[in-house]
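Both ligands and their constituent atoms are indexed starting at 1 by order of listing. Note that the numbering runs from 1 along the sequence shown for the chain.
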Amino acid sequence: MTPDSPLLHPIKIGPLVLKNRIAVAPMTRISATEDGVATEDMQRYYARFAKGGFGLIITEGTYPDLSYSQGYLYQPGIANEQQAEAWRPVVNAVHEAGAKIVLQLMHAGALSQGNRWKEGSIGPSAVQPKGEQLAFYRGAGAYAMPREITLDEISQLTQDFATAAKRAQHAGFDGVEIHGANGYILDQFLTDYTNQRTDRYGGSTENRVRLLVEVARAVRAMVGADYTVGMRISQGKVNDYVHKWANGQADAQIIFQQLAAAGVDYLHTTEHEAQAAAFGTTNSDGGTLAGYAKHFGRVPVIANGKLGSPEAANAILADGKADIIALGKTALANRDWPQRAANRQPLEEFDFAVLQPLAHIKPSEL
Ligand SMILES: Cc1cc2nc3c(=O)[nH]c(=O)nc-3n(C[C@H](O)[C@H](O)[C@H](O)COP(=O)(O)O)c2cc1C
């Protein structure tokens, strides 16, 4: 990498200016208290990425309400003042080390496997999730059968996302990212086989993306125009890696255009391999999901998925198919990835042992 590499150029997403285009991808580490309160370990863990040169840190998925949104035991929340205030030292530590930090808002829906506040789970429809609960987040066996969420609950959920976003703004976060990806509740609405509703939230792609659009609008209305709001979108899910949108590029057009029109400042796409064609050749012209988000959304795009080599990361930006890259596992192995990449130093391989037997933050990560 050279000093004029695209990765090292500053960029603006909404009102937020980033010093470079290298982000830490959101990663759940179940290291909060039982009540969802962020801890000092989390403060030190996040600050290390900032000290290592990342321009942006997207936090782990954080639950917005004390109802059905929590997905995992010891996951952090931002559903009350105590949880919100506990994030403030994390934000300050990251800022002091020169990076920006965006909070990811996540409602687990039918994939909830540990909720300290409520029994049972909800989803767009009573469809049992595929696959098995995640062992490294303390789960075992099949997912529970969710209850179909009511229209009143949908309005409440939308409002709860917006209120949580406001708490994040007050706590000093530089923005919020709405988790519309990876199989959690908003993605359950977007996905044809988990959403069997016959009302305005089910059926066509326009109907299935409606809740994501309403949540984005509600968040935008609550935080005002001068605050960064993003949305993460994927095809694959933690319990179904290979899912593809049935109408390929046509779905991408509807989804990305509508989300951008709802007022998001950026789209964050995640694929197993960000540089691979998103759909088959029969229903697309062979582009990547990030490329479609840029083309149809016309807002800055964060691309994620196997971009850990500086060559791959620079290439996707140089091709104009994304504006920022987010690193997951490679960032865990290299908290100073931006410095190493800039100085052409070798990178460490990611070792899954750091997430075993449970995914909580290990002493070596502090
Ligand atoms: C331990 C772990 C926790 C994760 N938690 C989240 C999460 O809370 N929210 C989210 O959107 N993605 C989450 N992801 C997915 C990552 O953000 C990312 O999409 C994935 O690791 C692929 O990127 P990579 O190839 O750079 O690792 C998680 C991934 C890992 C490895």
Side-chain angles (χ1 to χ4, degrees), residues 22-32 36 38 42 45-46 49 54 56-64 69-78 102-109 111-114 134-139 176-187 190 212 230-241 266-276 288-290 302-310 312-313 316 322 324-335 337-338 341 347-362 365:
I22 315 166
V24 179
M27 283 179 282
T28 293
R29 299 303 306 273
I30 54 166
S31 297
M42 291 166 63
Y45 162 81
Y46 281 113
F49 296 108
F54 284 89
L56 175 66
I57 293 164
I58 306 169
T59 71
E60 60 206 281
T62 300
Y63 57 87
S69 60
Q70 185 179 358
Y72 305 110
L73 296 175
Y74 302 97
Q75 183 188 5
I78 190 150
V102 159
L103 181 86
Q104 188 185 56
L105 292 171
M106 163 180 158
H107 189 308
L111 294 191
S112 177
Q113 58 177 58
L134 304 176
F136 74 171
Y137 293 146
R138 300 171 190 270
V176 290
E177 174 173 293
I178 300 160
H179 199 346
N182 298 11
Y184 298 110
I185 203 163
L186 297 179
D187 188 38
L190 190 56
L212 286 72
M231 172 82 72
R232 191 177 222 217
I233 292 290
S234 69
Q235 299 188 89
K237 306 161 198 325
V238 293
N239 63 330
D240 178 5
Y241 294 119
Y266 74 86
L267 290 162
H268 179 179
T269 56
T270 171
E271 288 260 273
H272 183 59
E273 275 188 57
Q275 285 168 302
T288 62
L289 197 64
I302 303 179
N304 168 254
K306 283 222 171 92
L307 291 172
S309 87
I316 197 166
I324 297 168
I325 58 120
L327 302 176
K329 295 182 285 294
T330 314
L332 288 183
N334 301 275
R335 281 136 216 290
W337 191 95
L347 296 170
E348 301 293 331
E349 282 289 315
F350 174 69
D351 182 354
F352 268 101
V354 78
L355 302 174
Q356 299 297 334
L358 294 172
H360 63 82
I361 296 167
K362 306 296 181 294
E365 299 184 271

**Q** Do the non-hydrogen side-chain atoms of H179 and Y63 ever get within less than 4.5 Å of each other?
**A** no

**Q** Please tell me whether F352 and F350 form a close aromatic pair, meaning their ring centres lie under 6.0 Å apart.
**A** yes

**Q** Under 4.0 Å from ligand 1, counting heavy atoms only, is it the side chain of T28, its backbone, both or neither?
**A** both

**Q** Tell me the protein heavy atom at minimum distance from atom 19 (O) of ligand 1, and give that distance in Å.
**A** N304 OD1, 2.5 Å

**Q** With atoms numbered from 1 as shown, which atoms in ligand 1 lie under 4.0 angstrom from a non-hydrogen atom of N182?
**A** 10 (C), 11 (O), 12 (N)

**Q** By number and element, which atoms of ligand 1 are closer than 4.0 Å to a non-hydrogen atom of L355?
**A**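 Near L355, meaning under 4.0 Å from one of its heavy atoms, ligand 1 has 1 (C).
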
**Q** Is Y137 touching ligand 1 with its side chain, its backbone, both, or neither, if touching means heavy atoms under 4.0 Å apart?
**A** side chain

**Q** Return the orientation label for the Y72 and Y184 ring planes: parallel under 30°, perpendicular over 60°, tilted otherwise.
**A** perpendicular

**Q** Near T270, which atoms of ligand 1 are under 4.0 Å from a heavy atom of that residue?
**A**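 Listed by number with element, the hits are 19 (O).
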
**Q** Looking at side-chain heavy atoms only, is the closest gap between T288 and E271 below 4.5 Å?
**A** no

**Q** Please state which protein non-hydrogen atom is closest to atom 29 (C) of ligand 1 and give its distance, to 0.1 Å?
**A** M27 CG, 3.8 Å

**Q** Got V102 and Y266 here, is their nearest side-chain heavy-atom distance under 4.5 Å?
**A**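 SC-SC contact between V102 and Y266 confirmed.
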
**Q** Kindly confirm or rule out an N or O of R232 lying under 3.5 angstrom from an N or O of ligand 1.
**A**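 The answer is yes, given that R232 and ligand 1 share an N or O pair closer than 3.5 Å.
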
**Q** Under 4.0 Å from a heavy atom of Q104: which atoms of ligand 1 are those, numbered in the order shown and with their elements?
**A** 7 (C), 8 (O), 9 (N), 10 (C), 11 (O)

**Q** Which option wins on minimum heavy-atom distance to atom 13 (C) of ligand 1: A274, P26, G61, A23?
**A**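 It is P26 whose heavy atom sits nearest to atom 13 (C) of ligand 1.
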
**Q** Nearest protein heavy-atom contact for atom 26 (O) of ligand 1: which residue, which atom, what distance?
**A** G328 N, 2.8 Å

**Q** Do L212 and I233 touch side chain to side chain, with heavy atoms closer than 4.5 Å?
**A**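 Contact flag for L212/I233 side chains = yes.
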
**Q** Checking E365 now: which residues fulfil side-chain contact (heavy atoms from CB on, under 4.5 Å) with it, not counting sequence neighbours?
**A**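 Residues passing side-chain contact (heavy atoms from CB on, under 4.5 Å) with E365: R29, Y45, L332, R335, V354, I361, K362.
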
**Q** According to side-chain contact (heavy atoms from CB on, under 4.5 Å), who are the partners of A276, at least two apart in sequence or on a separate chain?
**A**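 Partners of A276 by the side-chain contact (heavy atoms from CB on, under 4.5 Å) criterion, ordered by chain and then number, come out as E273.
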
**Q** Within the 4.5 Å heavy-atom criterion, are K306 and H272 side-chain neighbours or not?
**A** yes

**Q** Which atoms from ligand 1 have a heavy atom of G305 less than 4.0 Å away?
**A** 25 (O)

**Q** How does L332 reach ligand 1, by side chain, by backbone, by both or by neither, if only non-hydrogen atoms under 4.0 Å count?
**A** neither

**Q** How close does the nearest protein non-hydrogen atom get to atom 25 (O) of ligand 1, and which residue and atom is it?
**A**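 Looking only at protein heavy atoms, the one closest to atom 25 (O) of ligand 1 is K306 N, 2.8 Å.
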
**Q** If you define the side chain from C-beta out and look only at heavy atoms, does anything of P76 sit under 4.5 Å from M42?
**A** yes

**Q** Kindly say whether G308 contributes a backbone atom to a donor-acceptor pair with the side chain of W337 at under 3.5 angstrom?
**A** yes

**Q** Counting heavy atoms only, name the option from E273, E177, K329 that's nearest to atom 31 (C) of ligand 1.
**A**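 Nearest option to atom 31 (C) of ligand 1, by heavy atoms: K329.
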
**Q** Looking only at heavy atoms, is any part of T330 under 4.0 Å from ligand 1, and if so is it the side chain, the backbone, or both, or is it neither?
**A** neither

**Q** Near A25, which atoms of ligand 1 are under 4.0 Å from a heavy atom of that residue?
**A** 17 (O)

